[in-house]
2 protein chains.
Amino acid sequence: MAVPPHHPPAATENRLLESAGEVFAEKGFRAATIRDIIRRAKANVAAVNYHYGDKQGLYTAVFRYARKCCEEQFPVDADAGSTPLEQLHVFVRSLLRRILDHGRPAWHWQLMAREMMEPSAALDEMVEQSIRREFAIIAGIVENITRLPPHDPRIRLCASSVIGQVLFYRHAQAVVHRLHPEQEFARKDLDALAIHITDFSAAALEAIAKRQPAKPNGRRRNGPREKNA
Amino acid sequence: MAVPPHHPPAATENRLLESAGEVFAEKGFRAATIRDIIRRAKANVAAVNYHYGDKQGLYTAVFRYARKCCEEQFPVDADAGSTPLEQLHVFVRSLLRRILDHGRPAWHWQLMAREMMEPSAALDEMVEQSIRREFAIIAGIVENITRLPPHDPRIRLCASSVIGQVLFYRHAQAVVHRLHPEQEFARKDLDALAIHITDFSAAALEAIAKRQPAKPNGRRRNGPREKNA
DNA sequence: AACAGTTTAAAACGCATGTTTGAAAAGTCA
DNA sequence: TGACTTTTCAAACATGCGTTTTAAACTGTT
């Protein structure tokens, strides 16, 4: 009773989650070995099965832990920014930081990217508990900028265009490194990237907005467009 | 004896490459098992080591095979399209088809996506022998549309924005399926996607073209640089 | 038919991995 | 302290894997 409760014991589980996150992100579920994980966590080989049942149990636990950490560190404030264009900028910049910033445990979004490409049950949970809500946020911003009617399918396409530009730097990071070694990913570089993506997208969205009130049933052709303004 | 009449000779290597492509794309290098591959190829377990030395050798052979097939089926014609905007459209549409069309062995770009996320020596070869050249093509198109000076870093950013929009539907395909089940990926859907991405990007690029290639920060002046209509 | 070179087949080897076990250690509470 | 639970540990187990080995089957040539 004179002992501080819970300090050492709960530490093992946390060390396991952190180490497992690293290893799963680096190697993938299958290639990651329990012995590698427990070596980094300075734990015994039986610890995984004791605390999480089996390797799969550890994996899903890591996934929930990752989502929790990510939400704590980068809370999505849908109302940040006064104008829709500012909201777009804030959204893009925070998403970029979230998936590329090297500050905190850097493996969260590498795990996410793996799940996106090779979906397991963890992806369904992720979609329903995070991604759907965040996609609705960017869709709302797009709707405000373009003034498209609320369920116009072009809103979904435009939101995907914005997100695609951002995710490119996560999913194709290895290619970018080889193709353009001068591109760095420090905080200031990320902010510069965010400005570009915001400008690029804003111009596209505003062009749609300008087309919008003219004709409710406009013909869209992709040929050489007339200059506007 | 009493064996059924045997294989068309030397087809074994091809069957191995096809099966290995499937399995590597589905499971990744580590999780793919030789026994799974040779079962699909109706070959013996020793065939891999006989023809390709070891598992790694088979993997690199599959990669070269994939690139060869891809180039044969979707040759890049840099000059397709008369105007820069049409060139953009052709580029986007052919890239979309290449990474998502279900016609031919569908695992090529799934493999590529895996390599992008978890690079090995195969990625270096791929970057030097395909990607660099194709990125130069889209960069040239962007340069023509924006009229930016040839080495302006914004060209690289804009080209990445275009490619990012396309690759999104490969790398995040599983998320798209869960988020928007109505989005399909038949040939006509891909063409519609291509039109959207082209329009979106063209609007953004033309907005840049209208701005003076001066200060990165802030004020844009409608200069006297009104080129063609 | 007989030979030599190439390809395929079945079985086994060695090793790494996920998991289990049984006991020791640490912690908890009377 | 002493009973009881929770956690840690070292060792072993069982299995699946990549690889090797040895021999059989097939090919083409003489």
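In this text, all values refer to a predicted model and were calculated from it rather than measured experimentally. Order of the sequence lines fixes the chain letters, A, B, ..., with proteins taken first and strands second; residue numbering starts at 1 for each chain.
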Any residue meeting ring-ring contact (aromatic ring centres under 6.0 Å, His included) with A:Phe29, in chain and number order, not counting sequence neighbours: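 Partners of A:Phe29 by the ring-ring contact (aromatic ring centres under 6.0 Å, His included) criterion, ordered by chain and then number, come out as A:Phe24, A:Tyr59.
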Neighbours of DNA chain D within residues 48-63 of chain B, by heavy-atom distance under 4.0 Å: B:Asn49, B:Asp54, B:Lys55
Show me the side-chain donor-acceptor pairs of residues 173-180 of chain B shorter than 3.5 Å, one per line, residues at least two apart or across chains.
unit_1, atom_1, unit_2, atom_2, d
B:Gln173, OE1, B:Arg170, NH1, 3.4
B:His177, ND1, B:Gln173, O, 3.4
B:Arg178, NE, A:Asp124, OD1, 3.1
B:Arg178, NH1, B:Ala174, O, 3.2

Can we say [X] and [Y] salt-bridge, meaning some charged N sits less than 4.0 Å from an Asp/Glu carboxylate O?
X        : Y        : answer
B:Arg114 : B:Glu118 : no
A:Arg187 : A:Asp191 : no
B:Glu22  : B:Arg39  : no
B:Glu143 : B:Arg154 : no

Distance, rounded to the nearest Å, where B:Asn14 contributes CG and C:dT8 contributes P: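 Going from B:Asn14 (CG) to C:dT8 (P), I get 12 Å.
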Rounded distance (Å) that lies between atom P of C:dG18 and atom CG of A:Leu16: 14 Å
Quick test: give all pairs of protein nitrogen or oxygen and nucleotides 21-24 of chain C nitrogen or oxygen below 3.5 Å, distance rounded to 0.1 Å.
none

Stepwise side-chain contact (heavy atoms from CB on, under 4.5 Å) test for B:Trp107 and B:Glu26: CA-CA 8 Å; B:Trp107 46 265; B:Glu26 281 176 19; over 6 Å; no
Interface with DNA chain C, restricted to residues 17-39 of chain A and to heavy atoms under 4.0 Å: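 By residue number: A:Ala32, A:Thr33, A:Ile34, A:Arg35.
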B:Ala66 to B:His108 - nearest heavy-atom pair and separation: CB-CD2, 3.8 Å
Any donor-acceptor N or O pair under 3.5 Å, side chains B:Ser160, A:Gln165: no
Non-neighbouring partners of B:Arg35 that pass side chain to side chain donor-acceptor pair (under 3.5 Å), sequence neighbours left out: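 Counting only residues at least two positions away or on another chain, B:Arg35 forms no side chain to side chain donor-acceptor pair (under 3.5 Å).
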